[in-house]
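Given the structure is predicted, the values throughout are model-derived calculations rather than measurements. So you know, we letter chains A, B, ... as the sequences are listed, proteins then strands, and number each from 1. Basis for what follows: all heavy atoms, side chains included, without hydrogens, waters or symmetry-related copies.
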Number of protein chains: 2
Amino acid sequence: MKDCESAAFSNGLKKTKQRSAILEILQKNSQPVSAEQIFLELSEKKISASLSTVYRSLEAMAQKGVVTKINISSEGKALFELNTNMHRHYLVCLGCKKIIALDYCPLEGYEKKLEGETDFFIVGHRLDIFGYCPECRKKSGS
Amino acid sequence: MKDCESAAFSNGLKKTKQRSAILEILQKNSQPVSAEQIFLELSEKKISASLSTVYRSLEAMAQKGVVTKINISSEGKALFELNTNMHRHYLVCLGCKKIIALDYCPLEGYEKKLEGETDFFIVGHRLDIFGYCPECRKKSGS
DNA sequence: TTGGATGCAAAAGTTTTGCACGGTT
DNA sequence: AACCGTGCAAAACTTTTGCATCCAA
C-alpha cells in the first residue's frame, strides 16, 4: 500500500517527513493510537516532531478525511486511526485495554429499518463492544 | 420513581444534599450529561457544590454502579448517566442535537455469536446512531 | 464521635494556540 | 517568494488530589 501515502497528500496537505512518519505509524498499527503514542514512536525512530506537530498533523489529516479521531478510550484521550471509509467497530478488552477492530458490521440492514420507524435520515452509527479477551479471562479466572 | 434515591444510598454511600441533587439532575435528564453541566445546573438551583465534589460524587456513584461514565463526547469530556441496568441506545440528531433513547437493542443475539467467534467474555456494548430528525430534514431540505 | 464528604486551591494530564523560524511547492 | 508546517512555550481545559473543615450516621 505505498500509494496510501500519495493519496494522503493529494488534497493540499504538504508532505513533510513528520507527516509521512505519522502516516506510516498509523498504517502499521492495527489499532487506534493516541497522539502521545505516535509522539513516542516518532522519538524511537529518531524523527523529530513535537507533540503539537503531532496534534496539528492529525487534526489536518482528519479534516481532509485521511484519518479519523475517535473517543472511546476510557482514559479520556482521543485515539486516531487511518480512515478506511469502512465501518469499523471495536472490541475493547476491559482488562488489558487492547482494542480489536471487527471486520464487519452487525447492523447492516438495521439502519434502513430504523429510518422507516423514526423518519430520521440516518447517517451512521458508532458501536463498541466491551469485554475481556482470552488472555485476561485466564488471568482473572472468569 | 422516588425510591431510585433510596436505592442509590443503600450501598454505603452517604446521603448528602449535593449527592441527592446530582442524582435528581441525572434522573431528570434523558440524556447523558457532563460533570460541568451538572455543576452548572446545581448553581442554578442554588445548591452549593464545587466541581470537585461533582466529580468525586460521580466517581463514587460509578463505583457503586449507580451511574455510568461514558466517553463518546466528541469534545473530549466524559458524560454520565444513571445506570439503568438496561441497554440504552441513542438516536442522536446531528442538526438539533436532540437525543432519543431507543427502546430496544438491535444486537440481542449478536454478543453470543461474537463470544463464540472471538473467545472474549463480552460484558456489554455501546451503540449510538446518528442522523437528522424529521424537523431538521425539512429545514435543510435533505 | 468518627469516618466519610466537601471546598478551595493547586497539580496533573490532554489538547490548543501564539509567534518566530524553517521547509515545500 | 509565498505559504504552510514546525518547535517551543504558554495557555486552555478537563479531571484529580492534598488538606483543612464540615456533616451525616
Side-chain angles (χ1 to χ4, degrees), chain A residues 5-26 32-43 45-64 66-81 97, chain B residues 5-25 32-43 45-64 66-81:
Chain A
E5 183 173 329
S6 36
F9 294 114
S10 61
N11 30 34
L13 287 182
K14 270 187 186 164
K15 178 174 174 175
T16 65
K17 69 172 189 306
Q18 286 88 348
R19 290 180 175 179
S20 296
I22 291 172
L23 264 180
E24 198 181 320
I25 289 172
L26 288 168
V33 289
S34 67
E36 197 187 11
Q37 279 174 270
I38 292 175
F39 174 70
L40 292 176
E41 289 195 35
L42 289 171
S43 309
K45 289 177 154 195
K46 311 276 189 255
I47 292 168
S48 90
S50 68
L51 189 53
S52 46
T53 294
V54 174
Y55 275 109
R56 276 191 279 224
S57 297
L58 289 169
E59 161 75 18
M61 293 184 198
Q63 292 246 339
K64 298 294 184 180
V66 180
V67 307
T68 307
K69 177 179 180 178
I70 58 182
N71 290 301
I72 55 169
S73 158
S74 54
E75 287 117 44
K77 26 168 71 175
L79 302 180
F80 300 84
E81 65 179 346
K97 311 296 179 195
Chain B
E5 183 172 329
S6 36
F9 294 115
S10 61
N11 31 33
L13 285 183
K14 268 188 188 164
K15 178 176 172 174
T16 64
K17 69 172 189 306
Q18 287 88 347
R19 288 179 177 181
S20 296
I22 291 172
L23 264 181
E24 198 181 318
I25 289 172
V33 289
S34 68
E36 197 189 11
Q37 279 174 268
I38 292 176
F39 174 70
L40 292 176
E41 289 195 35
L42 288 172
S43 309
K45 289 176 155 195
K46 312 276 189 251
I47 292 166
S48 89
S50 67
L51 188 53
S52 44
T53 294
V54 173
Y55 274 109
R56 275 190 280 224
S57 299
L58 289 169
E59 161 75 20
M61 295 184 198
Q63 292 247 338
K64 299 294 184 180
V66 180
V67 308
T68 307
K69 177 179 180 180
I70 59 182
N71 290 301
I72 55 165
S73 158
S74 53
E75 286 116 46
K77 24 168 73 173
L79 301 180
F80 300 83
E81 65 181 345

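- B:R56 contributes a side-chain N or O that forms a donor-acceptor pair with the base of D:dG18 under 3.5 Å.
- At least one side-chain heavy atom of B:I47 sits under 4.5 Å from a side-chain heavy atom of B:L42.
- Under 4.0 angstrom from either OP1 or OP2 of C:dG7 there lies at least one side-chain N or O belonging to B:T53.
- If you measure from atom CG of B:L58 to atom P of D:dT17, you get 15 Å, rounded to the nearest angstrom.
- Here the side chain of A:Y55 is nearest to one of D:dT14, C:dT17, C:dT16, namely C:dT16.
- Each of A:S50 and B:N71 was matched to the nucleotide of DNA chain D holding its nearest heavy atom; the match closer to the 5' end belongs to A:S50.
- Distance from the side chain of B:K14 is smallest for C:dA5 among the nucleotides C:dT15, C:dA5, C:dT16.
- Across the protein-nucleic acid pair, B:F39 atom CZ and D:dT14 atom P stand 12 Å apart, rounded to whole Å.
- Here the side chains of B:V67 and B:I22 are not in contact, with every heavy-atom distance at 4.5 Å or above.
- In terms of modelled atom types and a separation under 3.5 Å, the side chain of A:R19 and the main chain of A:S57 share no donor-acceptor contact.
- No side-chain donor-acceptor contact under 3.5 Å links B:E41 and B:Q37.
- In this structure, CG of A:L51 is placed 14 Å from P of C:dT17, rounded to the nearest angstrom.
- Atom CG of A:L42 and atom C1' of D:dG7 are 14 Å apart (whole Å).
- The side chain of B:K69 lies closest to D:dT16, out of C:dT25, D:dT16, C:dG7.
- Between the NZ atom of A:K17 and the C1' atom of C:dT25 there is a distance of 17 Å, given to the nearest Å.
- If you check every strand for non-hydrogen atoms under 4.0 Å, B:A60 touches nothing.
- Rounded to a whole Å, the CG atom of B:L13 is 7 Å from the P atom of C:dA5.
- Judged by atom type and distance alone, A:T16 does not reach the base of D:dC4 through any side-chain donor-acceptor pair under 3.5 Å.
- If you measure from atom CD of A:E36 to atom C1' of C:dT16, you get 16 Å, rounded to the nearest angstrom.
- Contact annotation for B:S48: backbone-only contact, meaning every heavy-atom pair under 4.0 Å involves sugar-phosphate atoms and none involves a base.
- The separation between B:Q37 atom CD and D:dT14 atom C1' is 14 Å, rounded to whole Å.
- Taking 4.0 angstrom as the limit, B:S52 places none of its side-chain polar atoms (N or O) nearer than this to OP1 or OP2 of C:dA9.
- Toward the 5' end of DNA chain D, the nearer of the two residues B:K15 and B:A78, judged by each one's closest nucleotide, is B:A78.
- Applying the 3.5 Å distance criterion, the base of D:dC13 shares no donor-acceptor pair with the side chain of B:K77.
- Interatomic distance, NZ of B:K69 versus OH of B:Y55, reported as 8.5 Å (0.5 Å rounding).
- Nearest to the side chain of A:Q18, among D:dT6, C:dT15, C:dG7, sits D:dT6.
- Counting only distance, with no hydrogens or angles, the side chain of B:Q18 and the backbone of B:V54 share no donor-acceptor pair below 3.5 Å.
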